[in-house]
Each structure stands twice: as C-alpha cells, then as structure tokens.
2 protein chains.
Amino acid sequence: MTEKRVRARRGDGALLREELLRAAEELLDETGTEEALTVRAVAARAGVSTPSVYLHFADKEELLEAVCLRVWDELGRLVAECRDPDPFLRLGRCGRAYIRFALDHPVQYRVLMMTPSAGEGVPPAAQACFGYMVDAVRACVEAGVMRGEPERLALALWSAAHGCAALLIAQPSFPWPDRDAMIDLIVRISGFGAALGPRMAGALPPSRELAAALDAFEARLGGQLPERP
Amino acid sequence: MTEKRVRARRGDGALLREELLRAAEELLDETGTEEALTVRAVAARAGVSTPSVYLHFADKEELLEAVCLRVWDELGRLVAECRDPDPFLRLGRCGRAYIRFALDHPVQYRVLMMTPSAGEGVPPAAQACFGYMVDAVRACVEAGVMRGEPERLALALWSAAHGCAALLIAQPSFPWPDRDAMIDLIVRISGFGAALGPRMAGALPPSRELAAALDAFEARLGGQLPERP
DNA sequence: TCGTTAACCTAACGGCGTCAACCTAGGGAG
DNA sequence: CTCCCTAGGTTGACGCCGTTAGGTTAACGA
C-alpha cells in the first residue's frame, strides 16, 4: 500500500478509475505477469480499500481488460503510420510493426490475444489495426503483386504475425536462433507466400518442376533494394 | 464428488495418480476451460480427499501440465505418419495435421503453448514433432524447392501454423470467413513463402516488376494436382 | 497376533474475488 | 450558520482457493 488517498471532490468520483488503471499498469509492468494483478494489490497501491475497485469495474476481469486495452491505441497509430512508396514494402513494415508492438507489451498482448475469455472478442483497437492491414494488402492486390480477397489475405498475414509474436512471448525459454532474423524471415515468407500462394490455387506441379520454376524466377530478378518486406 | 474410492493395495499407491489424471482430463474436456480444474474438484471426482493430490503432484501446476501433456504423444504420431511421395506436399500435410491437432485439443494446446509458465519450456513431445517438421523441410531443401537452413525454415513454418491455431482457439467469437479454407490458405501461403522468400533475400524489385515475374511464374506452371501444400 | 508403514484423511491457515451494510465529508437549501 | 442529502468511499464477512502439518487406518510380513 502506498498512501491513504484523499477522497475525491464531489463531482470527481471518476478520478479514482484513472488512478486504479495507473496502479494496475504499474503492477503489470513491474511484475511482468497478470497474476500479480489482484484486486487487493491494485486497491492498496492506489491507496484505497479493496471493494472501492468495484465502484468503477464490474469485476476483476473488466479491470484487467481495461488496463490491457490502454496500450492498444498505440498499435493502430504504429501500423497506420507505416508508409512506403512500394505497397509490398509497406505491408512488410506493417507486419514488423505489429510484431514489435506485441513484443514491447507482452503481458497486454497475451491477455487480450492469447486467452479466450478476456475481452469477449478481438479488441476494437485491434480491429482498427486489422483494417489498416487490409488496406495495405488491397494496395498490393491493386499493384498486381497479390491476388484474391484482401480480407482473407490480411487475415492469413495477421495469423502469421500473431504466430511469431505469440511463440516468442509464450516460449521465452526456447533456444531461438536470432530473434530479429527470425522475425524478418517470417515477415518475408508471409509476404512472398501471400503473393505466390493464391496464384497456385489448384495447380501444384511436382517439386522438381516447381524448383526449376523458382530458380528461373530468382534468376529473372537481379535488382537489389535495401529494405525487405 | 463421485464415490468414495477404496484405498489402493499396499504397493499400488501410484494407481491414484492415474485416476487423478483421468478425473482431471474429464473435467477439462467437459468444461472446456482449465479454470474448472481446481485441486478440490479433481480430488472429489476421483473420490478422494483434497490433499491426497499432493501425494502425486507437487502442486496444481504440475497436475495441469501432466494432464495436458497426455495428448501430445498423439501429435508426434500424427505428424510422423504424414507421408507423401512429393516432399512439398508432405510438408503441407504436416502443417495441416499440426493445426488440426491443436483445434482438436484446444485447452491442452493453449495451456502448454500459449501460457509462459506451465511446462518450463516447450514440451518434449512438441520438440519431437518439431524434429519431424525439420525432416520434412530438409527433404524440400534437398529437392531444390526450398533454400536455407532447415531448422530456421521449420521454425518459421511452425510459427505460421501456431499462429493459425492460436488465433482460432483464442478468438472463437471472431467472424472467421471459413475455418477450413482459412487453414488451407495459411498452409499454402507458408509453404510457397518458405520456397520463395529465402531466395529473395536482399533482392527486392519494385512491386511492378515483381508482379510481372509472378505472372510469368504462374503462366509457366499449368500442371494440376489434386492435393495442395 | 502384532508391529510396521504405505496410503490416505482431518483440520486449519492465509489469500483470493465479491457483496451487503455502514460511514462521512462537502456542497446546496433554508 | 445549520441541517441534510448524497457522492464517495470503508468495514466486515462469506465462500472458495491452494497448500501444509499432523493424525488415522488397513494391508502385509514375521
């Protein structure tokens, strides 16, 4: 418990809500796990009695969800401001920004995206972020580098980015070869896969022929650009 | 509580361990969430007093981990028996088998793969499964359809499959367009991406040129095969 | 028959989320 | 200035949880 908070003025009852959220956020960042976020601990840190939490949150889950949602506005901003003259490169930037965001806020990301109960569905901020990714994919489709419904493609790419982030967050003890190289590889694979995969729908030659075609493809493109998707 | 269990014979104390695991597994499958798996509930269902659980498990987490690990032997078997004359198709089969397994055992998969504490790292059975996937990738590399270290490629593909499974499990309320089509799309994207992505390392032409090359690639391959990667 | 001991139970502790009931300070009405 | 009403909390308790210490019972060998 920090200190006994002075009672708010008459119209300012909602002040406590913000202070509770701040206290909970601090607890989450300090301990690195949501198990430390007990109603009692949050109330004590805010300098208030335990049941006072229920003046502003229906239950513990609502508090946890609210505090985790606070950082998600940042994600929409991060993804939205990924710009590049080339739509394919822009999409890659979006993917890397998404993964970086998840790794920067592992607890919040895990609570909101890796547990079934909390949030009753994908958070709205994440849906906005998904909208941006759909736009980026649509630009790729219009540029002729991808083919298919942008929504489905974006969903698949989102799934790939989520898989990378989720594994890195949930399995920190795994002997990852190199974190950043891994992220780059996954973003690259997803991007090129989204470009090539749907074109091959239904058609699938034997590996020998596929390998030859890939070699020819590789030989055709000699241009070098610094950034990768 | 079901019934008062009759005490085991003198050398058969370990019998209770199996009965506790069975009771816990039933609870998990019936309720669909690990929150129902309290030490008291498991003991009651096994017809035994609560502290008796601690005769065979150090704490609740060890019990939860043990019961979740029980289904994972199946995964190694499922992935290992994915065969196909074509290595690229075989890899696709492995990916789909992995995702299907995760969706068939959502609680166990989430507990072991989507929470940081439980298990102290990736379960051994999952590592064995990962070994099979590395083998499948290596075959693709040797066939010339992929390029790079098989371990890293397999890790990236594992991440993609995990992302698909994890999203489907953790966000059941999301309006997924079509579950099976989504899985197919992701497996296809990952496969072709792993084939094409590493070849493009460092090289990245503008989208216009990339689109043209992709069109040429598509035109070259007219062969149709029923199964897709 | 009896003692040993493996197998299990009883009782309890502290912490948790949550609720019903109570208090209290501070602003408006008279 | 006084009173009172209500927004903004607090006190105390309930039931459930994981976990522990110490007691009890029954199957076997001698």
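Every chain is numbered from 1 and lettered A, B, ... according to where its sequence line falls, protein lines coming before strand lines. If you're wondering where the values come from, they're calculated on a predicted model, not measured in any experiment.
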Contact between A:Leu16 and A:Arg5 at the side-chain level, heavy atoms closer than 4.5 Å - yes or no?
yes
Start and end of the DNA chain C segment that chain B contacts, any atom under 4.0 Å from a heavy atom
C:dT4 to C:dA12
When you match B:Ala8 and B:Val39 each to their closest nucleotide on DNA chain D, which lands nearer the 5' end?
B:Val39
A:Asp178/B:Arg152 ion pair, N-O < 4.0 Å:
no
May I ask you to say what A:Arg5 touches in the nucleic acid, namely base, sugar-phosphate or nothing, with a heavy-atom cut-off under 4.0 Å?
sugar-phosphate
Less than 4.0 angstrom from a charged side-chain N to a carboxylate O is my criterion; do B:Arg22 and B:Glu18 meet it?
no
Under-4.0 Å salt bridge between B:Glu30 and B:Arg45:
yes
Value in whole Å for how far the C1' atom of D:dG18 lies from CG of B:Leu20:
15 Å
For D:dC28 and B:Arg9 - does any side-chain N or O of the residue sit under 4.0 Å from the phosphate oxygens OP1/OP2?
yes
So which one's nearest nucleotide on DNA chain C is more toward 5', B:Pro51 or A:Ala41?
B:Pro51
Report which part of the nucleic acid B:Thr38 touches: base, sugar-phosphate, or nothing (heavy-atom distance under 4.0 Å, all strands).
sugar-phosphate
Think A:Ser52 has a side-chain N or O under 4.0 angstrom from the OP1 or OP2 of D:dT10?
yes
Rounded to the nearest angstrom, tell me the gap between atom CZ in A:Arg10 and atom C1' in D:dG9.
12 Å
Does B:Arg77 come within less than 4.0 Å of B:Glu81, counting only side-chain N to carboxylate O?
yes
Residue pair A:Tyr98 / A:Tyr109, side-chain donor-acceptor N/O under 3.5 Å:
yes
Return whichever of A:Leu55 or A:Arg40 has its heavy-atom-nearest nucleotide of DNA chain D closer to the 5' end.
A:Leu55
In whole Å, I'd like the distance from the CG atom of B:Asp59 to the P atom of D:dC17.
17 Å
I need the minimum non-hydrogen distance between B:Ala156 and A:Met182, along with the two atoms involved.
N-CE, 3.3 Å
Test for a donor-acceptor pair under 3.5 Å between the base of D:dG9 and the side chain of A:Arg7, counting only N and O atoms.
no
